[in-house]
Amino acid sequence: MPELPEVETVVRGLQPLLLGQRLGQVIARRPDLRWPLPPDLGQRLTGATVTGLKRRAKYGLMETDRGDTLIFHLGMSGRFHQLTGAPGTHDHVLFVTQQGTLAYNDHRRFGSMHLTPTPEVAAHPLIAPIGPEPLSDAFSGPWLQARAAGRFTSIKALLLDQHTVAGIGNIYACEALFEAGINPVRMAGAIAPKRLDRLVDVIKATLDRAIAAGGSTLRDHAQVSGDLGYFQHSFRVYGRAGEPCPGCGAPVRRRVQQGRSTFHCPACQR
DNA sequence: ATGCACTCCTGAACGC
DNA sequence: TGCGTTCAGGAGTGCA
């Protein structure tokens, strides 16, 4: 659920709270999330000063003056919040600064954290294979055409593949394909180049809007501040099965594609 | 190489 | 009212 715009929003929300701050203490309250936490997480981060907060795909990157970068993924339900009082059941990692304590909370524990020397972040096995950032020039019509060429998989599956483009999840894949008028089940390799060009433009515009809106929230996702985002109100097809299509009024259809819900308008998306 | 199903986890929503 | 079942989904893994 946190997709690229949400992670971007979280990282931006963390910046004023952490940038330049010395981590007085970093406490892992359990040994693992999706994968084991670095066993030396506390030792390596305690006493370090946060010198950078960035994003790559759906990963947050917290750089420190000790030469380590904390790579974190929010999974489905990860979020940061400022702790007041005792940590709750799902407050798994605590970052204590002079400004207070920031808790990483993740009730489903699909998130993960990794510590890597900063110069090696780009080569990290989780980061290295990821495709271009969707808002960069590297993600272009020609790039998507090359990725789609000869592929028998659906265009939606191709978009969800992080090697094609970084940071697109189920929601924005559905929304972008609706905006582009492309049926999500259409075979990627059979789509005209011009339509893929348009899809690239639409993806960029959709993500831009979402970031501008402060990221969306879906049930359990919240911004750092604890305030809920609001982009979810502008989903045009996602989660709207049976409701009228904003384009033509025909009912939005839900189908299951690779075990995931796809929302689309059978009339507008060909 | 390619594409698919499976898997982790918890809480909300739903059905009887 | 309460219990059991289903669903949500990012992405690595393993299989055909």
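Just so you know, these numbers come straight off a predicted model, no measurement behind them. Chain identifiers are assigned alphabetically (A, B, ...) following the order of the sequence lines, protein sequences preceding nucleic acid strands; residue numbering begins at 1 within each chain.
Contact annotation: His73(A) reaches the phosphate of dA11(C) (side-chain N/O to OP1 or OP2, under 4.0 Å). A sub-4.0 Å separation between OP1 or OP2 of dA8(C) and a side-chain N or O of Ser261(A) is present. At the phosphate of dC8(B), neither OP1 nor OP2 sits under 4.0 Å from any side-chain N or O atom of Arg109(A). Look at Arg254(A) and you'll find a side-chain N or O under 4.0 angstrom from OP1 or OP2 of dA8(C). Contact annotation: His163(A) does not reach the phosphate of dA11(C) (side-chain N/O to OP1 or OP2, under 4.0 Å).
The salt bridge (charged side-chain N to carboxylate O under 4.0 Å, His left out) pairs that include a residue from residues 180-197 of chain A number zero, where partners must be two or more places apart or lie in different chains.
Electrostatic pairing of Glu179(A) and Arg198(A) does not count as a salt bridge here, judged by no charged N lying under 4.0 Å from a carboxylate O.
Distance, Asp161(A) CG to dA1(B) P: 15 Å, rounded to whole Å. When the C1' atom of dG10(C) is taken as reference, atom CG of Leu160(A) falls 10 Å away, rounded to whole Å. Rounded to an integer number of Å, the gap from CG of Asp106(A) to P of dG11(B) is 11 Å. For Trp35(A) and dC8(B), the CH2 to P distance is 15 Å, given to the nearest whole Å. If you take CZ of Phe110(A) and P of dT7(B), they are 12 Å apart, rounded to a whole angstrom. For Leu159(A) and dG10(C), the CG to C1' distance is 15 Å, given to the nearest whole Å. A straight line from CZ of Arg79(A) to C1' of dC9(B) spans 17 Å, rounded to a whole angstrom. If you measure from atom OH of Tyr59(A) to atom C1' of dA11(C), you get 7 Å, rounded to the nearest angstrom.
Listed nucleotides dG10(C), dT10(B), dG12(C) differ in distance to Arg108(A); the shortest reach to its side chain belongs to dT10(B). Looking at the side chain of His107(A), the nearest of the listed nucleotides dA11(C), dG11(B), dC9(B) is dG11(B).
Mapping Val256(A) and Arg260(A) onto DNA chain C by nearest heavy atom places Val256(A) at the nucleotide closer to the 5' end.
For the helix from dT2(B)-dA16(C) to dC16(B)-dG2(C), the axis fitted to the five pairs at one end and the axis fitted to the five pairs at the other end meet at an angle of 60° (nearest 10 degrees).
Partners of Arg147(A) by salt bridge (charged side-chain N to carboxylate O under 4.0 Å, His left out), not counting sequence neighbours, listed by chain and number: Asp161(A). The salt bridge (charged side-chain N to carboxylate O under 4.0 Å, His left out) search around Glu63(A) returns Lys54(A), not counting sequence neighbours.
Residue Asn170(A) forms a side chain to side chain donor-acceptor pair (under 3.5 Å) with just one option from Arg260(A), Glu175(A), Lys156(A), and that option is Lys156(A).
Between Phe72(A) and Phe80(A), the distance from one ring center to the other falls under 6.0 angstrom.
Put simply, the side chain of Leu70(A) does not reach to within 4.5 Å of the side chain of His114(A), judged on heavy atoms. The side-chain heavy atoms of Trp143(A) and Val200(A), taken from C-beta on, include no pair separated by under 4.5 Å.
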Result block: side-chain N/O donor-acceptor pairs under 3.5 angstrom for residues 115-122 of chain A, not counting sequence neighbours:
unit_1: Thr118(A); atom_1: OG1; unit_2: Gly67(A); atom_2: O; d: 3.2
unit_1: Thr118(A); atom_1: OG1; unit_2: Thr69(A); atom_2: OG1; d: 2.8

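Counting all heavy atoms, side chain and backbone alike, Pro132(A) lies closest to Phe139(A) at CB-N, 4.0 Å.
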Please tabulate the protein-to-nucleotide N/O contacts below 3.5 Å involving nucleotides 3-5 of chain B, giving atom names and distances.
unit_1: dG3(B); atom_1: OP1; unit_2: Phe152(A); atom_2: N; d: 2.9
unit_1: dG3(B); atom_1: OP1; unit_2: Thr153(A); atom_2: N; d: 3.1
unit_1: dG3(B); atom_1: OP2; unit_2: Arg151(A); atom_2: NE; d: 2.7
unit_1: dG3(B); atom_1: OP2; unit_2: Arg151(A); atom_2: NH2; d: 2.9
unit_1: dC4(B); atom_1: OP2; unit_2: Gln258(A); atom_2: NE2; d: 3.0

